[in-house]
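Working notes for the structure below.
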Amino acid sequence: MKVLIVGGVAGGATAAARLRRLDEQAEIIIFERTGYISYANCGLPYYVGGVITDREELTLQTPEDFFQRFRIDARVRQEVTSFDPEAKTVTVRKLDSGETYTETYDKLILSPGAKPTVPKLAGVDLERVFTLRTVEDTLAIRGFVDEHHPKSAVVAGGGFIGVEIAENLRELGMDVTIVQRPAQLLAPLDADMAAFVHAEFRAHGVQLKFGSSVLGFEAEGEQIKTLLQDDEPLRSDMVILAIGVTPDTALARDAGLTLGIKGSIVTDDHMRTSAPDVYAVGDAVQVHHRVTGLDAVISLAGPANKQGRIAADNICGRDSRYLGSAGSSILKVFDLTAASTGLNEKTAAAAGLEVEKVVLRPMGHAGYYPGGESMVMKVLCEKGSMRLLGAQIVGGAGADKRIDVLATAIQNGMTGPELKDLDLAYAPPYSSAKDPVNMAGFMLENLADGVVKQFHCADLPDLPRDGSVTLVDARTPGEYKRGHVEGFVNIPVDDLRQRMGEIPAGKPVYVMCQSGLRSYIACRILSGYGYDCYNFSGGYGFYKTAVLDEQAARRTRPCGMEA
């Protein structure tokens with residue numbers, strides 16, 4: 001059996017190694033148009049920033065290593081320009097010499113990945129304008145930094161690559177500005193959760209310029225001028241284009257394969273395309289979203305590696321299936337971790353799903369054990385069924401393992417209240433007896449059972465201040481004095497029973513505290529006296545960052561804040 005693989009990074013390299021482990025006699029050839037195979041895309045920004053110091057660490061395997069261990073012929077700097085599904089041939093061009101040749105195949109795996117989205121703008125080809133997708137891109141940026149010692153950079157785009165390269169350039173001491181049209185970084189996060197990432201960037205001196213479309217670039221001496229629509233241009237020593245990626249599917253399109261959303265390659269759950277004996281894996285393929293059941297394009301290394309293994313299994317006669325992706329992702333933002341899985345509120349609404357949500361701010365481990373770091377967790381469920389839909393976490397140590405637990409729960413179709421029953425490991429340095437994931441389950445169970453009713457940031461402006469409802473801030477007087485929402489009267493939770501006479505009977509009561517815990521206790525007390533009570537989700541601390549600090553940073557007047 002002769003298997004040709006187009007693309008030798010995550011999906012392609014994984015498929016090749018799995019094929020060899022299953023079939024010692026197969027002839028396996030990889031074509032990779034860059035000079036490297038099996039390299040770590042996700043590590044590229046960290047080489048630019050000097051966190052990874054040895055360029056050899058970026059490549060997990062070299063062509064020579066691959067041949068030595070697996071007897072796989074990895075041909076770098078060779079680009080497959082076309083293939084013929086009927087004749088079962090591919091046409092290859094050697095990039096260094098321009099020579100072309102053909103190869104036949106029994107099975108073909110397409111793993112072309114995705115290419116940086118580069119809009120047709122004036123100046124995108126200027127010497128100081130870079131994209132970051134390959135090892136060569138990384139070496140070019142690092143070489144420019146080492147030679148020219150730039151003092152400033154503009155990063156166009158606030159997705160994963162944009163955020164990571166901005167952090168690394170800032171760590172090198174540059175003045176960094178992220179500019180983009182959307183009003184937030186990191187689309188997998190809701191705006192209120194992204195606000196914590198924004199705050200971290202601003203605390204480290206990174207400028208965020210939202211609502212600005214890039215019109216083009218101009219050279220201006222030793223600098224680049226980034227032209228913006230309806231705004232003053234930005235001047236910097238270099239520019240990184242990180243607007244996004246697009247499935248690289250020209251080969252598949254020209255060969256007549258069925259394409260899906262965003263031009264991605266359509267496959268079945270065995271990773272087979274519409275052409276016989278042709279498989280496709282990685283960032284170029286359309287997948288099944290595990291939560292919505294809808295088609296999606298999810299460009300992440302984890303799915304690509306799994307798909308490569310599955311394609312190899314099926315080529316070798318096994319019955320292996322790809323069940324879809326929930327888009328679980330995580331990244332470092334200076335001292336924070338930002339992670340998500342499944343749906344956020346925006347994507348849930350687009351899928352026609354109504355949500356219930358809880359926001360909590362637990363510690364990563366027991367509060368009495370030194371060194372604890374807090375995190376903000378937001379967990380979404382489907383209204384009615386309480387099926388888990390998604391989760392987002394921004395915070396310190398422990399955020400990574402909680403998002404993985406929640407991703408596992410979502411994949412297994414659990415409901416939110418069932419999180420309370422998970423038997424999770426506990427010792428003071430690592431967790432609490434009631435793990436944050438368990439706590440989310442308790443809160444969602446209370447919602448489902450009607451033990452608690454909530455209100456959210458978006459509800460605050462519409463709450464009447466005419467006396468028809470009672471607004472209570474259950475924090476201490478000191479906390480209240482440092483900042484509170486207009487109209488909320490300070491009655492500390494521990495004084496509530498003694499001051500019950502200050503709360504009119506027969507009117508709804510809306511209660512807030514710093515994190516949502518004391519206000520929940522206050523609501524239970526008030527409910528015991530017959531009041532109709534609503535607890536503020538996430539607490540004032542969440543509201544301050546998600547709404548007030550964000551408004552202040554955008555130079556708008558903070559609403560609802562006492563002067």
Taking [Y]'s backbone N and O only, do any of them form a donor-acceptor pair with [X]'s side chain (distance below 3.5 Å, no angle check)?
{"X": "R181", "Y": "G211", "result": "yes"}
{"X": "H456", "Y": "A458", "result": "no"}
{"X": "T337", "Y": "V333", "result": "no"}
{"X": "D84", "Y": "K88", "result": "no"}
{"X": "D283", "Y": "A301", "result": "no"}
{"X": "E136", "Y": "G35", "result": "yes"}

Taking [X] first and then [Y], would you say they form a salt bridge - that is, a charged N and a carboxylate O separated by under 4.0 Å?
{"X": "E147", "Y": "R142", "answer": "no"}
{"X": "K151", "Y": "D237", "answer": "no"}
{"X": "R75", "Y": "E32", "answer": "no"}

**OP:** Please work out which of the three classes, parallel, tilted or perpendicular, describes the rings of F542 and F196, given edges at 30° and 60°.
**Re:** parallel

Original post:
Is the ring centre of F83 less than 6.0 Å from the ring centre of Y105?
Top reply: no

**OP:** State yes or no: are the ring centers of Y322 and H270 separated by less than 6.0 Å?
**Re:** no

